[in-house]
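Below: the structure, in structure tokens.
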Amino acid sequence: MAYTEDHIALAAEYALGTLDASERAQVETMMAVDKAFADVVQAWAYRLGVLNQMVGSVEPRPIVWENIRSELARTDFAQETPAPEASPPPPPPPVPESSPIEVAPPELAPDVAPQPGLQPSEAEQPGTARPASDTLPDIAPIFMPQVHAPDPDVARAPPAPVADNSNVIRLEGRVKRWRTIASAVGALAAALLVTLSLQIFQPDALPGGLRPAPRIQTVEVKTPAPLTAAAQYVALLQGQGGGPAFILTVDGATRNFTVRKVGATPEAGKSFELWLISDKLPRPRSLGVIGAGDFTARPVLGSFDPEVVNGATYAVTVEQAGGSPNGQPTSAPVFSGKLIETVPPSQPQAPAKK
């Protein structure tokens, strides 16, 4: 099944962990119903999982762990259900009337004075008396110890909440484990780097088993063939009077030419321009303006065929300063000539037989 770029980007973000809760639920639903989409998510997780190896471990500050413990304790305490209110304790058992016990009133300490403002009881007030049948002796309350089983209906106060630090301890163990693995891998990489460096730069410093095998390199030296002298061509560019005005020299190997000024003198505000004229070309081709010095060199003949260069006519016209404005001669040639071979190319000599 072909997926759009949005589906692929959604799978990549799920592997990175940058989606919110609703989007992650959507992706997990798609993974559950579509096996191919689950493979796409797994492929992104495999590609991006390499990034974890490029990130070093960072030890969090101690305040981070304290905040985590406090938050866990607060969350667990908030989730605890409130305890029901404790019922009042049962009343003390009644004292039997048949055996009254006379108890002397408690004596006050000598340093404790009676509090002012207290009114005497009715028994102590003069002029008042209770009936004999209704009179009860003044006794102090007796608290009997509880000998029966505790009442199950009485609710007990819940114990104080205890913070669960198992998650923090487990996370600290994982951090230590990964830190140990990262240290071991770093040590192995450093040892491998040192070994490779010694094998390349100082192989003698390594033991015999770790030294690289000696490399034998065969170098084949070829003697270059002797250079052969290229043919040289010369053309005398002269006018109707018969005297040479320019000498054109062409190198047969590089096809660079040099123009030597002999007897031509340019007019004021005018320039001499050299042209190549051949019946194999539709129109004359400009070879550039001849400079004011005695020698002018140009490499422009390299773009022409050797047959055209050797059989063409070279002419010089008088143009405005800077040369022809349209690439065509504007006047008739005043000097012209053809190339002649002055130095033939040398033939390579065969090696002498012994």
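We use all heavy atoms of the structure for the numbers below, so side chains are in, but hydrogens, waters and symmetry mates are not.
Closest of all the heavy-atom pairs between T317 and P329 is CG2-CB, 4.2 Å. Considering every non-hydrogen atom in both T330 and P325, the closest pair reads CG2-CD, 4.4 Å. The two residues V309 and R255 come nearest to each other via the heavy atoms CG2-CD, 4.4 Å.
Taken to the nearest 0.5 Å, the CG atom of L248 stands 11.0 Å off from the CD1 atom of I340. Note: S336 OG to L236 CG = 11.0 Å, rounded to the nearest 0.5 Å. One distance of note links CG of L274 with CZ of F335; it measures 12.0 Å at 0.5 Å rounding. Rounding to the nearest 0.5 Å gives a distance of 9.0 Å between CE of M31 and CZ of R24. Note that CD1 of I200 and OG1 of T195 are 11.0 Å apart. Values are rounded to the nearest 0.5 Å. Here T249 contributes atom OG1 and L339 contributes atom CG; the two are 9.0 Å apart, rounded to the nearest 0.5 Å.
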Kindly list each side-chain donor-acceptor pair under 3.5 angstrom involving residues 283-291, sequence neighbours excluded, with atom names and distances?
from : atom 1 : to   : atom 2 : distance (Å)
S286 : OG     : E273 : OE2    : 2.6
S286 : OG     : G288 : N      : 3.3

Give the table of side-chain donor-acceptor pairs shorter than 3.5 Å for residues 256-263, with sequence neighbours excluded, one pair per line with atom names and distance.
from : atom 1 : to   : atom 2 : distance (Å)
N256 : ND2    : T254 : OG1    : 3.4
K261 : NZ     : A292 : O      : 3.2

N/O donor to acceptor pairs below 3.5 angstrom from side-chain atoms of residues 7-20, sequence neighbours left out:
from : atom 1 : to  : atom 2 : distance (Å)
H7   : ND1    : T4  : OG1    : 2.6
Y14  : OH     : E28 : OE2    : 3.3
T18  : OG1    : E13 : O      : 3.4
D20  : OD1    : S22 : OG     : 3.3
D20  : OD1    : E23 : N      : 2.9

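A donor-acceptor pair under 3.5 Å links the side-chain atoms of N326 to the main chain of Q328, judged by distance alone. Checked by atom type and distance alone, the side chain of Y233 never pairs as donor or acceptor with a backbone atom of N310 at under 3.5 Å. T342 places a side-chain N or O within 3.5 Å of a backbone atom of Q232 that can act as its donor or acceptor partner. Looking at K338, its side chain never comes within 3.5 Å of a backbone N or O of A235 through a donor-acceptor pair. In terms of modelled atom types and a separation under 3.5 Å, the side chain of S271 and the main chain of G323 share no donor-acceptor contact.
The hydrophobic clustering, which links ILVMFWY residues whose side-chain heavy atoms are closer than 4.5 Å, places M30 and V41 together. No path of Ile, Leu, Val, Met, Phe, Trp and Tyr side chains, each step under 4.5 Å between heavy atoms, connects V40 with V33, placing them in separate hydrophobic clusters. No continuous path of ILVMFWY side-chain contacts below 4.5 Å connects V185 to L193, so the two sit in separate hydrophobic clusters. With hydrophobic clusters built from ILVMFWY side chains whose heavy atoms lie under 4.5 angstrom apart, Y314 shares a cluster with V334. A chain of hydrophobic side-chain contacts below 4.5 Å, direct or via other Ile, Leu, Val, Met, Phe, Trp or Tyr residues, connects V316 to L281.
Scanning for side chain to side chain donor-acceptor pair (under 3.5 Å) contacts around E5 gives an empty result, with sequence neighbours left out.
When side chains are defined from C-beta on, L276 counts as touching L301, because their heavy atoms get closer than 4.5 Å.
Screening residues 265-298 for ring-ring contact (aromatic ring centres under 6.0 Å, His included) gives F246-F272 as the qualifying pairs, with residues at least two apart or on separate chains.
The hydrophobic cluster containing L196, built from Ile/Leu/Val/Met/Phe/Trp/Tyr side-chain heavy atoms closer than 4.5 Å, also comprises L192.
Counting non-hydrogen atoms of other residues, nucleotides and ligands closer than 6.0 Å to CD of Q320 gives a total above 12.
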